[in-house]
There are 4 protein chains.
Amino acid sequence: MARNVIKDQQQRELRRNQILSAAASVFTVRGVAVAKISDIATEAGLSYGHVYNFFESKEKILLALVQSSQERYTELLLEARGGSGTSLDKLRWLIEQYLQKGRTSTHFWVVLQAQATEVLNPEEKAEINQKAQANRDLLADIIRDGQAEGTIVEGDAVELATLLLSLFQSTSIWGYRGFGEPSGHAVDIMLRLVVKK
Amino acid sequence: MARNVIKDQQQRELRRNQILSAAASVFTVRGVAVAKISDIATEAGLSYGHVYNFFESKEKILLALVQSSQERYTELLLEARGGSGTSLDKLRWLIEQYLQKGRTSTHFWVVLQAQATEVLNPEEKAEINQKAQANRDLLADIIRDGQAEGTIVEGDAVELATLLLSLFQSTSIWGYRGFGEPSGHAVDIMLRLVVKK
Amino acid sequence: MARNVIKDQQQRELRRNQILSAAASVFTVRGVAVAKISDIATEAGLSYGHVYNFFESKEKILLALVQSSQERYTELLLEARGGSGTSLDKLRWLIEQYLQKGRTSTHFWVVLQAQATEVLNPEEKAEINQKAQANRDLLADIIRDGQAEGTIVEGDAVELATLLLSLFQSTSIWGYRGFGEPSGHAVDIMLRLVVKK
Amino acid sequence: MARNVIKDQQQRELRRNQILSAAASVFTVRGVAVAKISDIATEAGLSYGHVYNFFESKEKILLALVQSSQERYTELLLEARGGSGTSLDKLRWLIEQYLQKGRTSTHFWVVLQAQATEVLNPEEKAEINQKAQANRDLLADIIRDGQAEGTIVEGDAVELATLLLSLFQSTSIWGYRGFGEPSGHAVDIMLRLVVKK
DNA sequence: AATGAATGAGAATTCATTCAT
DNA sequence: TATGAATGAATTCTCATTCAT
């Protein structure tokens, strides 16, 4: 007979998320360009053919993944900016959240591959870079606030933001480079970059 | 006759370097896993079949490239360590050299792909990671000297070194991420990470 | 109850015809081998899964379609043969009916694909060819009658029939070949093939 | 050492023709949409991968084949038009050549599939149809000459041409339809279509 | 040394068909 | 009856690698 449309919808949503989260894992561990659709399907626990009922290509999966990751990062930034305490407190909170695995389940590492590699076409890359710049600008806002309140050192807020994000993002991939994991002090050290002595 | 042997040897060396340098460029721009042997051959100005007279596979090219890049970085570190001035001066010089394009012609970005991706086999990756750690330790040495001479902040020298290198290495790929290029002040800001107030 | 059974039967018949008629359209426009089951289902206004409640495969749809088309053509031939007037009149009527879209809604073009392509298996193709020959023979009968009555030229009736049907059938696909549609005179011209001067 | 460029060129040409001629055969026997690249490669006696060094897809092979077939048909038409004798003689010669297998090795049947099916994209189909119309117009020229010289019946030369070509082209595929082969008289019968009584 | 023709393993993708609901 | 999620066989296509010249 007729199907349960609501349930179908939920099931679809569930499957889509399964695929994205499997892709996040596979892309992270194996590398985006090396990952096979069948790896993702296996990781997600469904057949490779079914993946194509949700995404028309590996490229589109990557795109969806990166965009969702960037959106979650935007939310984190907005939450940080809107939080209480000094700008330094906000930055500390932000970095701690960022480094804490799971909070941003898709990794900087995957976004980086999408940005710096020819896996995506130029238009898609441009879109991602634009969003990355927008996020950087949000970070610069927090820094500008800190400069106003006197907790953060003077200087070009955008450059300070770019340096700070480069630092904590690259710290998040120490594991893949054989550098172990950062200690509890690491965030304090990072903040020296911007803190006013 | 003897002369021809020598000439041949030089010619061979020249070709090999052509290929490595073409590979560096192609790997950087297109991404290691996406790059084709024929791209490299074209960039190097020779036929793709000829590449195999120098390297037995794409993988071996990457390996040779990364190793040579790491060696050049080692030399840079040794040169910095052996230089005159305070440890801070040495670090500043090192970072400036590093960021100056051409000095480290093969990029951090390629090494990162080799480290974090499954393009190479585990043994090869382990070897690269080991060398990366050794280089990090050289940087930690400089930092330790600085702590002894009082110009550098206290703390785990290895972690400080890892943070500092994360920062300047990731700064070197701003271009690929749409972040523009760092200003002349950037190095000073980076050094705040380790400088003693 | 009894009424429901009858109604169900009618409903089933209706659905089946919907599918066949959708298939005719899709096969004609897109080509038999390229057409997808889902195209047919969409055109018929039902779900692709439901198609399998009526036909066990795409092949069977094609077979049913071609057979029904051949049967309708047989009926047309019988009707023509049984009509009044000279054999020439009958031929003219036949061709006019044939060319008049809708009368033979499934097209010669689809039958031709079924005959000349490996979409169907050899047994099925043989069956279709046999029926096509039987129809040709019906046409030859009319021609033979015309020869007896003196309105049609002498000669091998089967060959004359084959030439004549080749002509009007291929005329029916001018549209797909960019040749426009035949004028009102076309039938008279075609009949020159067999008319006795 | 260096290769023999001339020989390479010849070899390439040879291979290309091997592929086209294999494709003609496979497309004709199996049907265009059903034919696999690997069928063509096997028929041509080389590996499927190598086919892609000559044609980027099955579609492009079909296109090349059809175009070459149309060109050969054009040549035939020009040769016929330029020949001696009445227009009727020219038409007879043309049809005889056409029906004689090997003269037009790629078959009308393949061209028809290319024209009437969605194997090619609309632009490619349009191009083919245009060429088909141009060829039809050449045939119409011959007919017009015949009308001027009084050997061919009055009437729209283009429609007469379209009817005549429909007839002899469709006759060329009797074999696939189980209709046997036309007799030696067939051409005379066909010509009745246009001959002035 | 140098070239590029030739091969085929492997990955992406399509779509007929099955089946739970 | 009716739907569309799910599967995987079959095919296309790419590209590293080999090898004759």
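Naming: A, B, ... by sequence-line order, numbering from 1 per chain. As the structure is a prediction and not an experimental result, all values here were calculated from the model.
In this structure, R16(B) atom CZ and dA1(E) atom C1' are separated by 17 Å, rounded to whole Å. Spacing between atom CG of N4(D) and atom C1' of dA20(F) amounts to 13 Å, rounded to whole angstrom units. In this structure, the NZ atom of K36(B) is 8 Å from the P atom of dA16(F), given to the nearest Å. Counting to the nearest Å, the P atom of dT18(E) and the CD1 atom of I37(C) are 11 Å from each other. Between L14(B) atom CG and dA2(E) atom C1' the separation is 15 Å, expressed in whole Å. Between I6(D) atom CD1 and dT3(E) atom C1' the separation is 16 Å, expressed in whole Å. Nucleotide dA10(F) holds its P atom 14 Å from the CG atom of D39(D), rounded to whole Å. We find that CD of Q10(A) is positioned 15 Å from P of dT21(E), with the value rounded to whole Å.
Residue contacts shown for A35(B) are limited to sugar-phosphate atoms, with no base heavy atom under 4.0 Å away.
In this view, E43(C) and A22(C), S25(C), V26(C) satisfy the side-chain contact (heavy atoms from CB on, under 4.5 Å) rule, not counting sequence neighbours. For E124(C), the salt bridge (charged side-chain N to carboxylate O under 4.0 Å, His left out) partners are K60(C), not counting sequence neighbours.
Between the side chains of E127(A) and Q67(A), at least one donor N or O sits under 3.5 Å from an acceptor N or O. For Q9(A) and R12(A), the side-chain atoms include no donor-acceptor pair closer than 3.5 Å.
For DNA chain E, the residues of residues 42-56 of chain A within the heavy-atom distance limit of 4.0 Å (strictly under) are Y48(A), Y52(A), sorted by number.
Considering every non-hydrogen atom in both L20(C) and A64(C), the closest pair reads CD2-CB, 4.0 Å.
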Structure string for DNA chain E in dot-bracket form, Watson-Crick and G-U at under 3.5 Å, | interchain: .||||||||||||||||||||
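In this pair, Y176(B) and H107(B) present their aromatic rings perpendicular. The plane angle is above 60°, beyond the 30 to 60° band.
Along DNA chain F, the nucleotide nearest K58(B) and the nucleotide nearest K7(D) are compared for position; the residue whose nucleotide lies closer to the 5' end is K58(B). Of the two residues near DNA chain F, R12(C) and E59(B), the one whose nearest nucleotide lies more 5' is R12(C).
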Residues 30-39 of chain D side chain polar contacts: donor-acceptor under 3.5 Å, at least two apart:
unit_1 : atom_1 : unit_2  : atom_2 : d
R30(D) : NE     : E118(C) : OE1    : 2.8
R30(D) : NH1    : D39(D)  : OD2    : 2.7
R30(D) : NH2    : E118(C) : OE1    : 3.0
D39(D) : OD2    : K36(D)  : N      : 3.0

Identify every side-chain donor-acceptor pair in residues 48-56 of chain B under 3.5 Å, counting partners at least two apart or on other chains, and give the distances.
unit_1 : atom_1 : unit_2 : atom_2 : d
H50(B) : ND1    : N53(B) : ND2    : 2.7

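Within 6.0 Å of the CD1 atom in I6(A), the count of heavy atoms belonging to other residues, nucleotides or ligands does not exceed 12.
Considering only side-chain N and O atoms, Q11(D) lies under 4.0 angstrom from the phosphate OP1 or OP2 of dA6(E). OP1 or OP2 of dA5(E) has not a single side-chain nitrogen or oxygen of R15(D) nearer than 4.0 Å.
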